Amino acid sequence: MASEQERLRQAARLQLMQSGIDPYPAAAFQRTHNTASLLAEADTLSPQQTVRLAGRLMERRIMGKASFAELQDAHGRIQLYLNRDDLGTAGDGVLYNEVFKKQLDFGDWIGVEGFLFTTQTGERSVHVRDLTVLAKTLRPLPVVKIDSEGHVHDGFTDPELRYRMRYVDLIVNPEVKTVFLKRSRMVQAMREFFLERGYLEVDTPVLQPIPGGATARPFITHHNALDVPLYLRIANELYLKRLIVGGFEGVFEFARDFRNEGMDRTHNPEFTILEIYVAFQDYRWMMEFTEQLIEHTARAVNGRTEVTLDNRTIELSAPFARVSMRNAILEHTSFDIHRKSEDEIRAFCVQESLEVGPEMGKGKLIDTLFGERCEKHYVQPTFITDYPIEMSPLCKRHRDDPDYTERFELMINGKELANAYSELNDPIDQRERFEEQLRLSQKGDDEAMFIDHDFLRALEFGMPPTAGMGIGIDRLAMLLTAQSSIQEVLFFPQMRPEALAVSSARSGFDGWALDPRWIGALTELYGSPEALRELKPTQVHQQLNGLRKKNKWDVPALLLDEVQAWFV
RNA sequence: GAUUCCGUAGCUCAGCUGGUAGAGCACGACACUUUUAAUGUUGGGGUCCUGGGUUCGAAUCCCAGCGGGAUCACCA
């Protein structure tokens with residue numbers, strides 16, 4: 001059932017139509033300015049120069065024969081001034097009294113023509129001479145008001161409503177739009193950074209027969225024609241490395257990945273990762289590349305390199321600190337993982353009251369130790385380097401110590417932001433690492449990697465030394481826009497499907513004492529009792545009983561007398 | 001998945017120890033020609049998330065479910 005305010009708007013829509021005004025006109029509305037460009041050019045306009053703008057009517061302050069209103073477009077707002085006696089060409093005041101005051105509502109799209117002037121209170125405003133309805137709004141928007149001190153009144157703040165109806169959020173909460181503009185600028189700055197260096201932007205499959213390149217639980221789906229299971233990608237790493245084998249010297253992709261895991265403030269089932277692979281480079285080069293990239297991007301988005309988040313100021317200018325994994329754990333736990341066995345590390349984890357299971361290999365144990373005891377300390381950007389070999393199955397062994405790998409993760413604000421390797425390109429070593437993953441999988445680690453035989457075949461054709469790096473785009477967007485939840489940097493974060501009320505209650509047949517199937521058929525065929533009464537009772541009688549026969553309903557056939565009674 | 005809090009008008013929220021609902025904004029009507037959270041007068045608007053239970057009586061108490069937030073677990 002529509003609310004009172006919705007019914008009034010529907011009535012206004014009909015009134016517009018009846019007075020010959022199309023509430024949804026087909027014709028383009030030519031604009032001379034938008035709200036921002038008009039204010040910017042205010043001083044260069046000649047007096048009374050005609051300007052045309054379009055946007056949403058956001059607020060009306062009606063005072064008899066004159067009104068003020070706010071027009072909002074993608075660039076901001078401007079105040080409108082409308083006067084009964086000079087609005088419209090007819091001179092009868094209808095456009096003001098009927099259309100503007102009665103048939104238009106808060107939220108409607110309109111186009112205006114007029115000229116810029118300054119009110120007595122000094123606000124630049126458009127004196128409207130003509131008004132065009134561009135689209136009638138049927139639902140009322142939340143009314144968010146901001147007073148002269150900048151306090152927000154009646155804010156539209158419920159996260160559930162904001163995420164489920166992001167369009168409303170974007171209309172009434174301008175700061176939300178800013179976050180997404182910044183996110184877009186961020187991606188653009190990164191793309192430019194890569195393109196300037198000659199790297200190629202590519203697309204690789206989202207539907208993959210083997211979900212590889214990361215440790216994560218995948219979503220599984222099914223391809224009917226091939227009759228095979230397919231997985232939504234959890235990473236694109238193995239495909240990008242195939243392209244390096246193919247001879248490209250630098251490839252990157254902004255990839256949507258899917259991981260079938262929990263959802264919270266920092267996790268969404270689908271998220272975006274930038275991965276980049278550069279031939280002939282190593283992880284040391286990649287560290288410098290990464291810190292320059294972050295600094296460049298922060299400047300492009302915010303014009304400066306420091307960001308304030310959770311009351312902490314983070315400085316993003318290069319260079320960043322570098323700490324090895326071994327030293328990080330040593331510093332925060334006084335435990336040296338160097339040359340320790342799986343059992344020794346597990347024993348230490350137990351001593352530290354960390355939850356560890358028998359299915360966890362050495363890599364996962366160390367990962368737990370770092371995650372629980374060290375990660376949160378790295379607020380300022382820090383590269384954690386040289387991960388133990390067991391937790392890095394796609395990474396090259398360290399040039400100085402084969403127990404470790406040439407890997408770094410970039411920690412900022414206590415969270416992982418980027419992950420990079422000197423990529424493993426020895427096909428035999430890679431095969432053995434995959435087989436170790438298989439053993440972990442058999443031990444019960446449901447995130448261990450599958451063996452991708454085609455990827456191994458590609459490596460057997462030879463991959464040059466390559467540095468690879470991935471950055472969580474959503475996480476970076478959170479950092480650069482100072483948001484503490486991932487839902488705030490995704491337009492449409494995943495939510496439980498909304499139970500929309502089935503609107504059987506709009507037909508007008510509901511009160512009728514009939515089997516629900518008759519009600520459904522009446523609604524389907526005729527829409528409303530009024531429409532039904534346009535027809536002949538005999539026709540309706542036959543149509544409905546025909547439907548009963550066709551669908552083999554076990555209800556008594558309608559009698560003509562019953563049907564005729566509806567027409568009284 | 002666990003714990004905990006929340007779900008009342010279009011929006012933001014009150015509603016005490018149980019007596020079937022209120023405010024501000026929004027909306028309708030009237031007044032008002034430079035206002036800006038416009039103003040004044042006045043009026044309408046609600047399956048109190050859903051379903052059970054207790055009770056003479058439930059928005060309120062109890063149980064179950066649905067949805068959301070926060071914290072934790074898994075993870076990026």
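Throughout, a chain's letter reflects where its sequence line sits, starting with A, and its residues are numbered from 1. What you see is a predicted model; the values in this text were computed from it and never measured.
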- request: Ignoring the backbone of A:E261, work out which of B:C27, B:C74, B:U34 is nearest its side chain.
  value: B:C74

field: Under 5.5 Å and under 30°: A:F271 stacked on B:A76
entry: yes

statement: Residues at least two apart in sequence or cross-chain that pass side chain to side chain donor-acceptor pair (under 3.5 Å) with A:E270, listed by chain then number, are A:R256

message: Show me the pairs that pass salt bridge (Lys or Arg N to Asp or Glu O under 4.0 Å) and involve residues 76-89 of chain A, at least two apart or across chains.
response: A:D86-A:R129

- prompt: If you count the non-hydrogen atoms of other residues, nucleotides and ligands that lie under 6.0 Å from CZ in A:R312, is the total more than 12?
  reply: yes

message: Once ring pair (Phe, Tyr, Trp, His ring centres under 6.0 Å) is applied, do any residues pair with A:F100, and if so which ones, sequence neighbours excluded?
response: A:Y96

Strand partner of B:A64, provided both Watson-Crick or wobble distances fall under 3.5 Å: B:U50

- request: Searching all strands shown, indicate the nucleotide that pairs with B:A37 (Watson-Crick or G-U wobble; both distances under 3.5 Å).
  value: none

task: Using a heavy-atom cut-off of under 4.0 Å over every strand shown, decide if A:D367 touches base, sugar-phosphate, or nothing.
output: nothing

message: Do A:E253 and A:T204 pair up side chain to side chain, a donor and an acceptor below 3.5 Å, judged on atom types alone?
response: yes

field: Distance between C1' atoms of B:A59 and B:A9 (Å, rounded)
entry: 14 Å

field: C1' gap between B:U54 and B:G69, integer Å
entry: 31 Å

task: With P as the reference atom in both, quote the distance from B:U60 to B:G51 in angstrom, rounded to an integer.
output: 12 Å

- prompt: Under a 3.5 Å cut-off for both distances, is B:G18 Watson-Crick or wobble paired, and to whom?
  reply: none

Counterpart base for B:C27, defined by Watson-Crick or G-U wobble contacts under 3.5 Å: B:G43

Most 5' of A:I62 and A:D105 on RNA chain B, judged by nearest nucleotide: A:D105

- prompt: Looking at B:U35, does its base get a donor-acceptor pair with the side chain of A:Q79 below 3.5 Å?
  reply: yes

message: With rounding to the closest Å, how many angstrom separate the C1' atoms on B:A2 and B:C74?
response: 12 Å

message: Could you check whether A:S392 and A:R407, counting side-chain N and O atoms only, form a donor-acceptor pair closer than 3.5 Å?
response: yes

- request: Look at all strands and tell whether A:D474 reaches a base, only sugar-phosphate, or nothing, counting heavy atoms closer than 4.0 Å.
  value: nothing

message: Checking base pairs now: Watson-Crick or wobble, both atom distances under 3.5 Å. What partners B:A70?
response: B:U3

field: Span that lies between the C1' atom of B:C32 and that of B:U17, in whole angstrom
entry: 49 Å

message: Distance check, C1' atoms only: B:G24 and B:G19, in whole angstrom units.
response: 27 Å

message: For B:A26 and A:K145 - does any side-chain N or O of the residue sit under 4.0 Å from the phosphate oxygens OP1/OP2?
response: yes

Which residues share a ring pair (Phe, Tyr, Trp, His ring centres under 6.0 Å) with A:H377, sequence neighbours left out: A:H332

query: Between A:Q494 and A:Y163, do the side chains contain an N or O donor and an N or O acceptor separated by less than 3.5 Å?
result: no

task: Take atom P in B:A64 and the same atom in B:C27, then report the distance between them in whole Å.
output: 43 Å

- prompt: Contact class for A:F117 (heavy atom, under 4.0 Å): base, sugar-phosphate, or nothing?
  reply: base

- prompt: If you look only at pairs with a residue in residues 414-423 of chain A, which of them pass as a salt bridge (Lys or Arg N to Asp or Glu O under 4.0 Å), with sequence neighbours excluded?
  reply: A:K241-A:E423

Which residues share a ring pair (Phe, Tyr, Trp, His ring centres under 6.0 Å) with A:F68, sequence neighbours left out: A:Y81

Listing time: all N or O pairs from protein to nucleotides 69-73 of chain B that are below 3.5 Å?
| residue | atom | partner | partner atom | Å |
| --- | --- | --- | --- | --- |
| B:U71 | OP1 | A:R265 | NH1 | 3.4 |
| B:U71 | OP2 | A:R265 | NH1 | 2.4 |

- request: Sugar-phosphate means primed atoms, P, OP1 and OP2; the rest is base. With that split, encode nucleotides 10-15 of chain B 5' to 3' as B, S or - using protein heavy atoms under 4.0 Å.
  value: BSS---

- prompt: When rounded to the nearest Å, what value does the distance between C1' atoms of B:C48 and B:G15 take?
  reply: 10 Å

field: Partners passing ring pair (Phe, Tyr, Trp, His ring centres under 6.0 Å) against A:H33 (at least two apart in sequence or in another chain)
entry: none

